[in-house]
Amino acid sequence: MNSFATLLMRDLRLAARSGGGAALALSFFALVATLVPLGVGADLKLLARVAGGVLWVAAVLSALLSLDRLFQGDYEDGSLEVIALSPLALEAVALAKILAHWLSTGLPLTLLSPLLALLFNLDVAPSLTLFLSLLIGTPAVSAVGAIGASLTLSLKRGGLILPLIILPLLAPVVIFGAGAVALVLDGMDGIGALALLAAFSFGAVLLSPFAAAASVRLNLGG
Amino acid sequence: MILSLTAERLACTRGDRKLFDGLSFRVSAGQALAVEGANGAGKTSLLRMIAGFLVPAAGRLVLKSAQTEITDAEERGKSIGWLGHHDGLKPQLTVREQLDFFARLYRDPLRPSLAQAPATGTSPASASRAGGADLISVLERVGLARQAELPCRYLSAGQRRRLALARLLVSERPLWLLDEPFAALDVAGQALIAQLMVRHCGHGGIIIAATHDPLGLGNESLKL
Amino acid sequence: MQFLFRYANPHNFMRLSGAVLPFTAIGAALALTAGLYFVFSVPPDYQQGTTVKILFIHVPAAIMAMVAYSSIAVCSLLSLVWRHPLSDTAARAAAPLGAMFTAMGLITGALWGKPMWGAYWVWDARLTSFLLLLFIYLGYMALWNAIEDEIKAARAAAILALVGAVNIPIIKFSVEWWNTLHQGETITTGKLAAVYVPALLTMMLAYFLLFLSLWTIGIRTAIVERRARNLMKGASQ
């Protein structure tokens, strides 16, 4: 097993052992989805109409919950220095952490989404589109989020500032993700929106390790 | 095989404050250097600079091996075994898992490190290659074999320090940077680390340690 | 580049900017007076009526909001790549100005929207993009303020500014895409009648000079503040 896989497995193990890992994000996701009908009423037509947007926003917020600890734990206990001196480049370290975060939050959220789509009276086609859009788009949430996490890793209250700097940058993900669902609901083709989402996601996963690594480097210099 | 580390007129500024300036020294294979000085004199900063975390305000560091000269900080980092203020341990992992992680992380089969630690024969340094049994033998050497399956959260400060030392042993790095290596260790622990340091130097390694206590290695010392 | 570095030194900057500042400030005041005179003297639009006059305040503000962000991005690049000493201070000083222009653009846009669309906010594509831009400004300033170590704060803010610079065109594109998807409104002025051109150009010049003057004042204030802090530190040691 190489260093990358070693770090990935260790982060997944840590996520599983600290407070149930995905369970927390999943519960939050389901809870938000439950509160929305309580707020807007039980009109099934309306719920189906807003499902794509609501579930996408809820998924992004759920993924944000665990993001602030992405680098912070390792920074505080000195592991980050040890990891930085390993044969692994910091860019690869960032990518491993993005992947670990996605596997422990983004992917479980995606897998849960068809169930929540049922609560929102979504048909099979839009529900499948939502599933696909989450599958394609949540890696971008982890990737862009990793930039924010690395920028705020030395802050005691970084969890408050992280959403402020990350959420505006994630607007395209929500727009294309929920847009694909809306298009399918209107009987149109969601492929174009999913393609745009995939392009954003690909770019984010490709580029954000560099920004995150630069930011980790600057924080180690303190 | 690393031959020497040379610092040429290093300067370090933190904010608007100058910590040191024009600092030059040279440590050769088999030698130890104790960095001494009052609190805030820049001992930790110097170690962080050698590790490549801090960029020198002036001057440069050269790591000489038999084949080449390394001046790039990132490249230099691949020769360094680091023991910092914090032990770098996760409370959720067991002692064995933690050590296994370090061993595997530092020994990437795809990227053999340029500067291997001095050959140490049957020493624990070969532990990471095989894993399992050898990890236990390293833990035995630092006196943690009985705690192997214990989560790190239950370790005392001294035991945590011992596990961090075990990390140095499995990392197979020739240049050890130790920040207050004796901190939190009892008498037996201090004797243990002294013995490990003697052995490391004996095998051609280099040690640079920030410390208030004498290293007891017949080493040079650097006052900041 | 060489030229830039010569004036990057705070001492030189203070001298040069001190000499230039009165001209840009007076220029801004004159251009603003002339611009407002034009704005009040042009005839109302045949479709929009007097509401058209809001655009002379709105359009330059929106443009300056982008100019300010571009300035931050350029300064951040100078800071990260060339370790250009003054650019962090410059980037930080431009942020509140950019946020202010963005807020002005949003408010005037909403005021324009009420008579035109019957509502202050109809999720028009451009205004929505600017709302997101305002949040980006707020996040950028919050990050600056949150990190205590000034050097670290500067680097972190610079990285964020560059990430934002890459992302803003994408956000703009995605919001426009979203707007066509949901058939929202768009501020359309059509082709601007020739009578309005001098007024708009003068107002743009005024805004630009105003931005330059306020930015210079902001940078100078930061330099003086740092000197005062260093003096106090020196006295206490």
Side-chain angles (χ1 to χ4, degrees), chain A residues 1-21 23-24 66 69-97 100 104 150 153-154 209-210 213-222, chain B residues 12 14-15 44-45 47-56 73-94 97-98 100-115 128 131 151-153 160 164 167-168 171-173 175 177 179:
Chain A
M1 193 161 63
N2 65 10
S3 303
F4 185 86
T6 303
L7 182 60
L8 178 65
M9 293 310 292
R10 174 253 201 187
D11 271 22
L12 287 175
R13 184 177 279 171
L14 286 175
R17 287 191 192 166
S18 12
L24 197 69
S66 51
R69 299 297 295 174
L70 197 60
F71 293 98
Q72 203 172 40
D74 284 344
Y75 176 75
E76 283 168 358
D77 66 21
S79 306
L80 199 54
E81 284 148 354
V82 178
I83 293 170
L85 292 173
S86 76
L88 215 52
L90 274 178
E91 285 78 8
V93 170
L95 188 63
K97 284 185 167 289
S104 59
S150 63
L153 65 77
S154 67
F210 292 95
S215 153
V216 166
R217 228 169 251 131
L218 100 89
N219 275 295
L220 283 177
Chain B
C12 175
R14 308 294 290 139
T44 298
S45 293
L47 291 188
R48 297 188 74 85
M49 198 171 270
I50 298 171
F53 300 144
L54 273 179
V55 180
E74 203 127 327
E75 196 70 19
R76 185 170 66 242
K78 312 295 177 224
S79 301
I80 287 169
W82 175 262
L83 184 72
H85 270 297
H86 300 290
D87 297 312
L89 306 176
K90 290 287 167 198
Q92 303 97 324
L93 297 181
T94 68
E97 283 169 344
Q98 185 73 71
D100 186 51
F101 164 67
F102 290 134
R104 289 175 192 277
L105 182 70
Y106 271 59
R107 172 146 284 276
D108 191 331
L110 302 179
R111 267 168 285 209
S113 70
L114 176 80
S128 52
C152 291
R153 78 170 88 246
R160 296 171 60 85
R167 184 185 72 223
L168 276 181
S171 66
E172 298 191 331
R173 295 293 175 85
L175 173 54
L177 300 179
D179 200 353

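Note that these values count all heavy atoms, side chains included, but never hydrogens, waters or copies made by symmetry. Quick note on labels: first sequence line is chain A, next is B, and so on, each numbered from 1.
Only the side chain of B:E74 comes within contact range of chain A, judged by heavy atoms closer than 4.5 Å. Proximity to chain B (any heavy atom under 4.5 Å) is shown, for A:I83, by both the backbone and the side chain. Within the 4.5 angstrom heavy-atom criterion, only backbone atoms of B:L89 (N, CA, C, O) approach chain A. With a 4.5 Å cut-off on non-hydrogen atoms, B:R167 touches chain A through its side chain but not through its backbone.
Looking at heavy atoms from C-beta onward, B:R104 lies out of side-chain contact with A:N2 at the 4.5 angstrom threshold. In this structure, the side chains of A:R10 and B:K90 come closer than 4.5 Å at one or more pairs of heavy atoms. In this structure, the side chains of A:L14 and B:L93 come closer than 4.5 Å at one or more pairs of heavy atoms. Contact of the B:F53 side chain with the A:L85 side chain is registered, since non-hydrogen atoms from C-beta on lie closer than 4.5 Å.
Contact check on B:E97 versus A:R13 returns a salt bridge, with a Lys/Arg side-chain nitrogen under 4.0 Å from an Asp/Glu carboxylate oxygen.
Closest approach of B:L54 to A:G221, counting heavy atoms only: CD2-O, 2.8 Å. Counting all heavy atoms, side chain and backbone alike, B:L105 lies closest to A:L88 at CD1-CD2, 4.4 Å.
For the atom pair CD of A:E81 and CG of B:L177, the computed distance is 11.0 Å after rounding to the nearest 0.5 Å.
The backbone N or O of A:S86 sits less than 3.5 Å from a side-chain atom of B:K78, completing a donor-acceptor pair. Under the 3.5 Å distance criterion, the side-chain polar atoms of B:Y106 are left unmatched by any main-chain donor or acceptor of A:S3.
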